[in-house]
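Report on the following structure.
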Amino acid sequence: MHYKKNIIVTILFLLFQLADSTAKPFNHASSGRETIPFNKDWQFYFAYNFEKDIKKETVTLPHTWNAMEVLKGVPDYNRASAIYENKFNVLPGWTGKRLFLYFEGANSVATVFVNNKSVGTHKGGYTAFAIEITDAVKPGENSVTVQVSNAYRLDVLPLHGDFNIYGGIHRPVSLILTAKNCISPLDYGSSGVYLKQKQVSKASAEIEVLTKLSLSDDEALSLKTTLLDGNKKVVSTLTSNIGKDQNQELSQSIKLSNPHLWNGKADPYLYEVRVELLQNGQVIDQRSQPLGLRYFSVDPDKGFFLNGKYLDLYGAGRHEDVSGKGSALTDEDHDRDMELMKELGATAARLTHYPHSKHFYELCDKNGIVLWSEIPFVGPGGYTGTGYVKDAELESNIKQMLKELIRQNYNHPSVCFWGLFNELKLNWDDPQPFIKELNTLAKQEDPSRLTTLASNLGKNSYTDLTDLMGWNQYFGWYGGKFDEVGVWADETHAAVPGKSISISEYGAGGSPFKHTEGLIRPEAKGNFHPEEWQTAFHEKHWEELKKRPFLWGKFIWVLADFGSAIRTEGDANGINDKGLVTYDRKIKKDAFYFYKANWNPEPMVYIAERRNTNRSKALTSVKVFSNVANAELWVKGKRIGKKAKNGLNTMIWENVQLSKGNNDILVKTKYKGKELSDSCVWILQ
Ligand code: GCB
């Protein structure tokens, strides 16, 4: 039997709640489990301090120590080891409870101490972990110390990458209090409940609900599983007794006919599954999980199908990184990124290059965004070094991360693809035998999803490793010409018949503060990254990509500019500026509106090159992105004329005459009787 020592823990919840005003109301009586946010009043200092009276900084989680320094463009940002300390109280009054510390992410290796005794170490900054501390606490005040390191090392992912590895407890922490018997918080940081979609069609669905248990005594227990619809109305309930041999896990089956399917953006319908652990008829633990019933497939020649219908998957890669915050983001930061994706009209996203925050997956479920989600198994792209070393420690770390990625995100209907790696090289240790092992592991863990990878090598590399594939391509940026993307797609499609292929990244740098009158090709590594080139890159790419449904996914690189200390280019060192939006999320670049006009059906009109204010040429073209049939252009109060949109939802007026001084540019249109307009001012010298 899997019994745990029955230790008495007494905790005064009120104290936690005072310590952290974000604490949710205490509802122990109803479910037996309480999750208490533990994010305030952490004392922070670097681990190289040995003095008695170290100057400590009080910080709130999420936190990183690199957020500000990387803004200065420091390539050798502080990859060090730091200490976080906090306290909580365990007071007389409660008996027989279990206590866990739950970290949503500490980047990248964290060792946790309770009362100066180590209770666990976790390697990997982008996945959650829980540590049981029941035996480590004492009545009264208890201390928690977390030593976190983001130092370079070769046995923990990522070894490489064009992004910053922000050190710190960069995601929230909570204390979880449960009864002696509970749904396990210790299964690779997961919810402990797995909703396995065994069979889903329009006519019926069958879900296996697998619940992992952590039982400390031999009480008569049962598991009650309830299916709730989108209005929280009970659809069905099922109760099973937990036999003596089932103390690790229990499997139940839910069947329903005519299920309401989760259908991407068109109808992201969510059921909820509530699992309750009962002891003598009393609920002693509970977990609720989203359930989005859907089925999907990918055809090498026809692309992606959701619930039997073709769905063009397009969107952007996303890094969790905002100017001045690094990766220590709040829910509001995630919400803002989701609003950007929605405004863009994306149907899908690639969550690069690591598992993202829990909240973001929830947003994708609710908003119907189909996801490619991956582990931080990242190669160096065009830089030196390798992302893989044939080393047992590293391989075991990668497998652990893959299990964590899958188990923690198992129930998100938005996730359809597990990404196994990005841009690994073949001229160092050959990663392919190991990737085959990873693929087998992904299939064991989750046979319901498809595996994929992102390569920057030739057409015939890596084609036998995963179900699907993707290539990162930058025609017209690092090399080549924009329209080669179409030829590349056709040739690759022909070269690997039977393989479903996608474009996992395509993008170009662009500054909203740098402009050209007419197109001038910039140096990728230079400082001058005019916005116009980025827009032209995307216009031509989308023109080619939209014609090719066999590409099961089309992912722009990248939603927003992000920090990358290795870069010395564009307007500022330390930033990759291929975003459709700036690093601070304040400016949506022209390319953003190009996609919005093409992907988001909401009527809009937008004058491109609006920030190209100072003009030297009197004759210019005026380009407008719009999804309404036609619009009218006015310059300095004079009507120039009407234009109809072309196949890329663009209108262009050629040879428009500007006059010296200010020129008011105005575009007007009507949609269903409603006026839409946009304006800007261009100054002719
Ligand atoms: C890539 C990488 C990505 C880089 C990007 C770039 O192919 O996968 O991590 O940021 O290129 O901007 O060069």
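Just follow the structure's listing: the first ligand is 1, and inside any ligand the first atom is 1.
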How far is [atom] from the closest protein heavy atom, and which atom is that?
| atom | result |
| --- | --- |
| atom 9 (O) of ligand 1 | His353 NE2, 2.7 Å |
| atom 10 (O) of ligand 1 | Asp162 OD2, 2.5 Å |
| atom 13 (O) of ligand 1 | Tyr478 OH, 2.4 Å |
| atom 1 (C) of ligand 1 | Glu505 OE1, 2.7 Å |
| atom 12 (O) of ligand 1 | Lys578 NZ, 2.6 Å |
| atom 7 (O) of ligand 1 | Glu423 OE2, 2.2 Å |

In terms of ring plane angle, is the pair Phe163 and Tyr126 parallel, tilted or perpendicular, where the classes change at 30° and 60°?
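Rings of Phe163 and Tyr126: perpendicular, over 60°.
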Parallel, tilted or perpendicular: which one describes the rings of Tyr595 and Trp599, with boundaries at 30° and 60°?
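Geometry flag for Trp599 against Tyr595: tilted rings.
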Relative to the heavy atoms of Tyr474, which atoms of ligand 1 are at a distance of less than 4.0 Å?
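Listed by number with element: 1 (C), 5 (C), 6 (C), 7 (O), 11 (O).
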Against heavy atoms of Phe562, which atoms of ligand 1 measure under 4.0 Å?
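Per the distance check, 10 (O).
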Distance under 6.0 Å and angle within 45° of the ring axis: does Arg585 meet both against Tyr583?
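Verdict for Tyr583: no cation-pi partner in Arg585.
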Assess Arg318 against Phe360: is NZ or CZ under 6.0 Å from the centre of the six-membered ring, and within 45 degrees of the ring's axis?
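Because its charged atom sits under 6.0 Å from the ring centre and within 45° of the axis, Arg318 does stack over Phe360.
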Just to check, does Asn456 reach to within less than 4.0 Å of ligand 1 when the distance is taken from its heavy atoms?
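So Asn456 does not count as touching ligand 1.
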Should the proximity of Arg567 to ligand 1, defined as any heavy atom under 4.0 Å, be assigned to the side chain, the backbone, both, or neither?
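The side chain, only.
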Glu505/Lys578 ion pair, N-O < 4.0 Å:
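The answer is no: the pair does not qualify as a salt bridge.
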Any salt bridge linking Glu531 with Lys514? Criterion: basic side-chain nitrogen under 4.0 Å from a carboxylate oxygen.
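Answer for the salt bridge query: no.
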Answer yes or no: are there more than 12 heavy-atom neighbours, outside Lys596 itself, under 6.0 Å from its atom NZ?
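Counting neighbours around NZ of Lys596, more than 12 heavy atoms of other residues, nucleotides or ligands fall under 6.0 Å, so yes.
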